[in-house]
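Here the structure is laid out as structure tokens; the discussion comes afterwards.
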Amino acid sequence: MDVALFNTFSRSLEKLEPLHDHEVRMYHCGPTVYDYAHIGNLRAYISCDILRRTLEYAGYSVKQVMNITDIDDKTIKRSHDEGLTLSELTKKYEAIFLADLRHLNINVPEHLPHATEHIAGMIAIIEKLLRDDFAYKTDDGVYFNIAKSKGYGALAELDLTAVTQSRIANDEYDKKNARDFALWKFWTEDDGENVFDASFGRGRPGWHIECSAMAISELGETIDIHTGGVDLLFPHHTNEIAQSEAFTGKPFAKMWLHNEFVMVDGQKMSKSLGNIITLRTIVEKDFSPLAYRYFVLGAHYRAKSNFTWEGLEGAETALARLESHIGEEIGKINESYKKRFEEIISNDLDTPRALALAWEVAKDAELSNADKAATLLNFDRVLGLSLSPKQKEIIPVEIEALVRTREEARKNKDWKKSDSLRTEINSLGYEILDTEEGQVVQRF
Ligand code: AMP
Ligand code: ZN
């Protein structure tokens, strides 16, 4: 199965052609672990998971890297606010983040590099950029000179005339261009003990260089796919490209994929707007995290998704109904539906149409229940909604023994004993229904 993806760089749908035969190497900009992720952020990672599952479904092996930003302005500030060391703070929020991923049935990427583990690599890149005159020092850090970069801003289709006009004639200690960005920030008091030695001065890395260093070190100089939300196009991805390509002289990534935002009342969900919702809130309101996954799949990853609680409720009901079509018996995958599913999902990960097709399968009166189940479970390898065949309830032997004793008591019209046995069975988490066919036991 070929996979076509919309490459932001070329603004067109392109067939994926991995650089290394059947292995796809991809990099996702991961979380800055200073607080709970909001469900907008989590949409980005659900999109990455759909991409990974689609590639695996298509038969590729996937080398997937998602970084953890564990040092930057926000993490340092928050660690001071919470009275924790930087590593205590970032470990705490990383654990919460990984739990969120698992609750959403996102396969956690095998490679989760931390920025703080890659400082030496960042320093080596900056040293070379300084040597080759792509970077310069000021009194507060080391900056990348965008005027030296070929094709700066192409990814985001930036209009650079504005940049040139804002060029400011300053002495050599100031930024040469308003859009030059920090590769390294020299130590200030606010950084506390979070400081690293480098030949060009003690300090800490800028955010953009972190991703370049981790991507190149884990995946090589040119990677197949790089992803992130649309807000990362500029400046983050733009700067990642500039510094990586200046360093290696090679294209940094073949394909760039960007997911659109989760919106609330017409505005982007974001911390600064104060309209965020976390997965914890969703669970506290008694929704399943998978209902949110279903909700997210209802919009194409390149379309905005408007979050409402009614929408989430609808998603939860739909998911439960879809799941009710998966019985105990698993038959054969229906080949014609499978083919249609492959066409849909390999066409830029079209999850809304894939869900619509799942419903067509569920409602198809010509298909046996067992074949429906097999076909839906096949789709679920990509959708990841955890559709599971209904298990026959296995009643523990002790409970069965109590039920048999109660049956005898009832035959002997020993109602007192029968009632006390029922109470005992209930206290163990099971209930007995007296039906016309006899007693039925089930878990509460
Ligand atoms: P951050 O931790 O802020 O770097 O964001 C993590 C990821 O979430 C990035 O890929 C962002 O582009 C993405 N993101 C941020 N806000 C939203 C949103 N409202 N909807 C979808 N993705 C978002
Ligand atoms: Zn990044």
Side-chain angles (χ1 to χ4, degrees), residues 8 26-51 64-75 78 90 93-94 96-98 100-101 104 106 109 111-115 118 122 125 155-156 181 183 205-219 223 225-244 252-253 256-279 292-293 295-297 299-308:
T8 313
M26 60 180 180
Y27 184 90
H28 313 298
C29 286
T32 307
V33 280
Y34 73 110
D35 203 343
Y36 286 82
H38 62 68
I39 59 172
N41 301 140
L42 294 171
R43 181 188 191 195
Y45 305 116
I46 294 174
S47 306
C48 299
D49 189 51
I50 294 292
L51 172 60
Q64 190 184 21
V65 176
M66 183 176 73
N67 74 291
I68 306 282
T69 299
D70 60 351
I71 180 163
D72 77 334
D73 296 343
K74 288 185 284 195
T75 44
R78 187 66 180 253
T90 55
Y93 287 109
E94 179 181 338
I96 293 171
F97 173 72
L98 294 178
D100 281 355
L101 296 193
L104 289 164
I106 291 172
H111 306 275
L112 297 171
H114 296 76
H118 281 262
M122 298 170 203
I125 296 176
L155 176 72
F181 57 91
L183 296 162
W207 172 37
H208 314 304
I209 194 72
E210 297 185 357
C211 279
S212 288
M214 288 184 267
I216 291 171
S217 136
E218 302 269 340
L219 295 171
I223 62 185
I225 307 176
H226 195 309
T227 79
V230 284
D231 54 338
L232 299 189
L233 261 167
F234 179 79
H236 186 52
H237 289 166
T238 296
N239 293 349
E240 271 189 55
I241 293 174
Q243 64 204 1
S244 303
F252 179 44
W256 289 85
L257 266 61
H258 291 97
N259 68 276
E260 254 297 351
F261 292 139
V262 170
M263 311 287 287
V264 187
D265 300 327
Q267 283 185 306
K268 172 191 172 188
M269 180 176 290
S270 77
K271 244 185 144 196
S272 52
L273 290 172
N275 60 0
I276 63 165
I277 294 164
T278 61
L279 200 62
Y292 181 63
R293 184 173 174 114
F295 173 84
V296 166
L297 301 190
H300 189 269
Y301 77 92
R302 285 195 292 115
K304 289 191 171 61
S305 167
N306 199 34
F307 180 82
T308 59

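Values below: all heavy atoms of this structure, side chains included; hydrogens, waters and symmetry mates excluded. Whatever order the structure lists them in is the order used to number ligands and atoms, beginning at 1.
Within the model, atoms OG1 of T90 and NE2 of H114 stand 7.0 Å from one another, a figure rounded to the nearest 0.5 Å.
For ligand 1, the atoms lying closer than 4.0 Å to a non-hydrogen atom of E260 are 21 (C). Near Y45, with a cut-off below 4.0 Å to any heavy atom, the atoms of ligand 1 are 6 (C), 7 (C). The K268 neighbourhood of ligand 1 comprises atoms 16 (N), 19 (N), with distances under 4.0 Å to a heavy atom of that residue. Atoms of ligand 1 found under 4.0 Å from any heavy atom of G228 (numbered from 1 in listed order, with element): 10 (O). Close contacts of ligand 1 with D231, meaning ligand atoms under 4.0 Å from a residue heavy atom, involve 11 (C), 12 (O), 15 (C).
Of all protein heavy atoms, the one lying nearest to atom 2 (O) of ligand 1 is T32 N, 3.5 Å. Among all non-hydrogen protein atoms, the one lying nearest atom 9 (C) of ligand 1 is L232 CD1, 3.9 Å. Looking only at heavy atoms of the protein, atom 20 (N) of ligand 1 is closest to V262 N, 2.7 Å. Looking from atom 1 (P) of ligand 1 to the surrounding protein, the closest heavy atom is N41 ND2, 4.2 Å. If you check which protein heavy atom lies closest to atom 10 (O) of ligand 1, you get G229 N, 3.0 Å. With respect to atom 19 (N) of ligand 1, the closest heavy atom belonging to the protein is M269 O, 2.9 Å.
For the pair S244 (side chain) and S212 (backbone), a donor-acceptor distance under 3.5 Å is absent. In this structure, the side chain of N67 does not engage the main chain of P113 through any donor-acceptor pair within 3.5 Å. Judged purely by atom type and a 3.5 angstrom limit, N275 uses its side chain to pair as donor or acceptor with the backbone of S270. A donor-acceptor pair under 3.5 Å links the side-chain atoms of T75 to the main chain of D72, judged by distance alone.
For the residues F97, F261, Y301, the heavy atom positioned nearest atom 18 (C) of ligand 1 is part of F261. The option from G40, G30, S47 that lies nearest to atom 22 (N) of ligand 1, judged by heavy atoms, is G40.
Between the side chains of E210 and H118, no donor-acceptor pair is found at a separation under 3.5 Å.
Between H237 and H226, the ring planes are perpendicular. Angles over 60° get that label, and only those under 30° would be called parallel.
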- Could you walk me through whether Y301 and L257 pass the side-chain contact (heavy atoms from CB on, under 4.5 Å) check? CA-CA 10 Å; Y301 77 92; L257 266 61; 3.8 Å; yes
- Evaluate the side-chain contact (heavy atoms from CB on, under 4.5 Å) criterion for residues Y27 and E218: first the C-alpha distance (whole Å), next the side-chain angles of each, then the deciding distance (0.1 Å), finally the verdict. CA-CA 9 Å; Y27 184 90; E218 302 269 340; over 6 Å; no
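The shortest heavy-atom distance from H38 to ligand 1 is under 4.0 Å.
Here H237 does not reach the Zn ion (ligand 2): none of its N/O/S atoms is less than 2.8 Å from the metal. Among the atoms of H236, an N, O or S atom falls under 2.8 Å from the Zn ion (ligand 2).
The side chain of N259, and not its backbone, has at least one atom closer than 4.0 Å to an atom of ligand 1 (non-hydrogen atoms only; side chain from C-beta on).
Here the Zn ion (ligand 2) is the vertex; the SG atom in C211 and the SG atom in C29 give an angle of 130° (to 10°).
Summarising the geometry of L101 relative to Y45, their closest heavy-atom pair is CD2-CB, 4.0 Å, with the distance given to 0.1 Å.
The environment of NZ in K304 is sparse: at most 12 heavy-atom neighbours from other residues, nucleotides or ligands sit within 6.0 Å.
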